[in-house]
Amino acid sequence: MSNWNRRQALGLAAAAALLPATARAAAEAWPARPIRLIIPFPPGGTTDLMGRLLAERLSARLGQPVVVENRGGAGGNIGADAVAKSAPDGYTLVMCSIGTAAINYAAYGATMPYKPQDLAAVGLAVRVPNLVLASRESGIASFDALLEAARKAPGRLNYGTSGIGGSPHACMELVKARTGIDITHVPYRGSGPMLTELVAGRIQTAMDNIPSALNFVREGQIRALAVTSRERVALLPEVPTLIECGLADFDATAWFGVQAPAATPAPVIEKLGAAMDAVVRTPDWAERIGAFAAQPPGLTPQGGTTPEAFAAFIAQEITRWAEVAKAGNISVQ
């Protein structure tokens with residue numbers, strides 16, 4: 001080996017030896033500047049609402065601004081993919097949903113731009129039931145009336161959602177599979193545009209997360225026919241569960257959390273995960289999300305979350321919804 005090659009090899013070895021120490025130092029200093037939280041959906045939906053609530057509280061915990069950036073498209077995949085391909089330094093995160101972190105892998109198949117292993121679990125923030133909805137123009141006032149109308153005119157009714165692959169899409173396809181009705185999916189780029197069309201009567205029915213639909217229901221602009229959770233929600237006590245409507249054991253809720261690029265240093269993930277756990281276990285968080293019929297994560301005995309528990313939860317959800325997607329033929333054409 002020449003002297004130059006020997007010096008190069010020694011230099012590379014020295015640099016490699018310094019990497020762990022450098023990573024540790026960076027982790028200890030984190031966060032030293034503002035953090036960007038990508039919301040992979042347009043403003044106005046549940047992901048956006050919950051992400052902004054979380055960002056505000058994480059900012060206070062971490063001592064740095066957590067800046068929200070909406071980057072919607074492709075059922076949330078565009079924003080989530082941008083984070084998966086970001087520098088793994090803890091300064092770019094994604095407010096993931098059941099769609100971006102679980103259902104989309106089955107719905108998008110080979111066209112999915114990232115894989116589960118490209119994102120690291122940080123923490124689960126909230127669980128949210130969905131509502132089966134109807135426009136007032138449709139004349140559909142109950143879940144039984146929806147089934148009757150769909151059976152009278154197979155394929156004529158449509159239902160809107162915030163996009164392909166999200167929990168509203170998967171939940172309604174599960175309803176279709178359980179009841180045998182034939183209604184047509186109309187996906188939108190987020191809950192906001194979909195609800196506007198539902199209020200206007202340009203679509204007859206819909207499935208959406210409670211937080212984004214709640215005010216429209218309360219103001220009487222649209223009708224809530226059923227809730228997808230096992231029990232009725234306190235904010236809409238008159239709305240029956242799908243179990244009460246005859247769909248035995250139907251229990252499906254959306255959820256939202258935080259992920260980071262996969263190679264983010266473990267100490268940074270741990271610090272961020274601890275901050276999230278501290279936020280979601282406060283009475284303030286429970287009260288704030290409770291105003292939208294949402295629930296804390298409940299992944300730990302204390303009701304909170306950890307990176308490890310969230311990773312295991314995501315893995316279970318990927319398997320569960322892959323089976324639903326296959327049964328309901330949920331796929332992006």
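A single hydrophobic cluster is not seen to contain both V258 and I78; linkage of ILVMFWY side chains at heavy-atom distances under 4.5 Å, directly or through other members, places them apart.
Every residue meeting the side chain to side chain contact (heavy atoms under 4.5 Å, CB included) condition with A120, not counting sequence neighbours, appears here in chain and number order: I269. Under the side chain to side chain contact (heavy atoms under 4.5 Å, CB included) criterion, E317 pairs with I98, A102, W255, F313, R320, W321, sequence neighbours left out.
Of the options P129, S97, S167, S162, a side chain to side chain contact (heavy atoms under 4.5 Å, CB included) to N209 is made by S167 and by none of the others. Put simply, the residue from L157, L147, V132 that forms a side chain to side chain contact (heavy atoms under 4.5 Å, CB included) with I140 is L157. Checking K176, E173, Q204 one by one against Y159, the side chain to side chain donor-acceptor pair (under 3.5 Å) holds for a single residue, E173.
Residues V128 and F292 have side chains not in contact (no heavy-atom distance under 4.5 Å, counting atoms from C-beta outward).
A ring-ring contact (aromatic ring centres under 6.0 Å, His included) check over residues 132-156, counting only residues at least two apart or in different chains, returns nothing.
For P42 against N70, the heavy-atom pair with the smallest separation is C-ND2, 3.6 Å. What you find for Y188 and I203 is that their closest heavy atoms are OH-CG2, 3.4 Å. C245 approaches A226 most closely through the heavy-atom pair SG-CB, 4.2 Å. For the pair F256 and L124, the tightest heavy-atom approach, listed with the atom from each and the gap, is O-CD1, 3.4 Å. Closest of all the heavy-atom pairs between T228 and A252 is OG1-O, 2.6 Å. Heavy-atom minimum distance, C96 versus Q259: CB-OE1, 3.2 Å.
In this structure, the separation between CE on M95 and CZ on R52 is 11.5 Å, given to the nearest 0.5 Å. The NE2 atom of H169 lies 9.0 Å from the CD1 atom of I103; values are rounded to the nearest 0.5 Å.
Looking at R136, its side chain does come within 3.5 Å of a backbone N or O of G220 through a donor-acceptor pair. Using modelled atom types, no side-chain atom of W285 and backbone atom of V126 make a donor-acceptor pair closer than 3.5 Å. A donor-acceptor distance shorter than 3.5 angstrom exists from the side chain of T205 to the backbone of N158, with no hydrogens or angles considered. Of the possible donor and acceptor atoms, one in the side chain of R232 sits under 3.5 Å from a partner among the backbone N and O of P237. No donor-acceptor distance shorter than 3.5 angstrom exists from the side chain of T161 to the backbone of P168, with no hydrogens or angles considered. Listed for the E244 side chain is a donor-acceptor partner under 3.5 Å among the backbone atoms of T241. Between the side chain of Y108 and the backbone N or O of N77 there is no donor-acceptor pair closer than 3.5 Å.
Inspection of the S212 and T46 side chains reveals an N or O donor paired with an N or O acceptor under 3.5 Å.
A salt bridge links D89 with R33; the closest basic N to acidic carboxylate O contact falls under 4.0 Å.
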- [ ] Given salt bridge (charged side-chain N to carboxylate O under 4.0 Å, His left out), test R288 with D284 step by step and report yes or no.
- [x] CA-CA 6 Å; R288 192 69 183 91; D284 167 71; over 6 Å; no
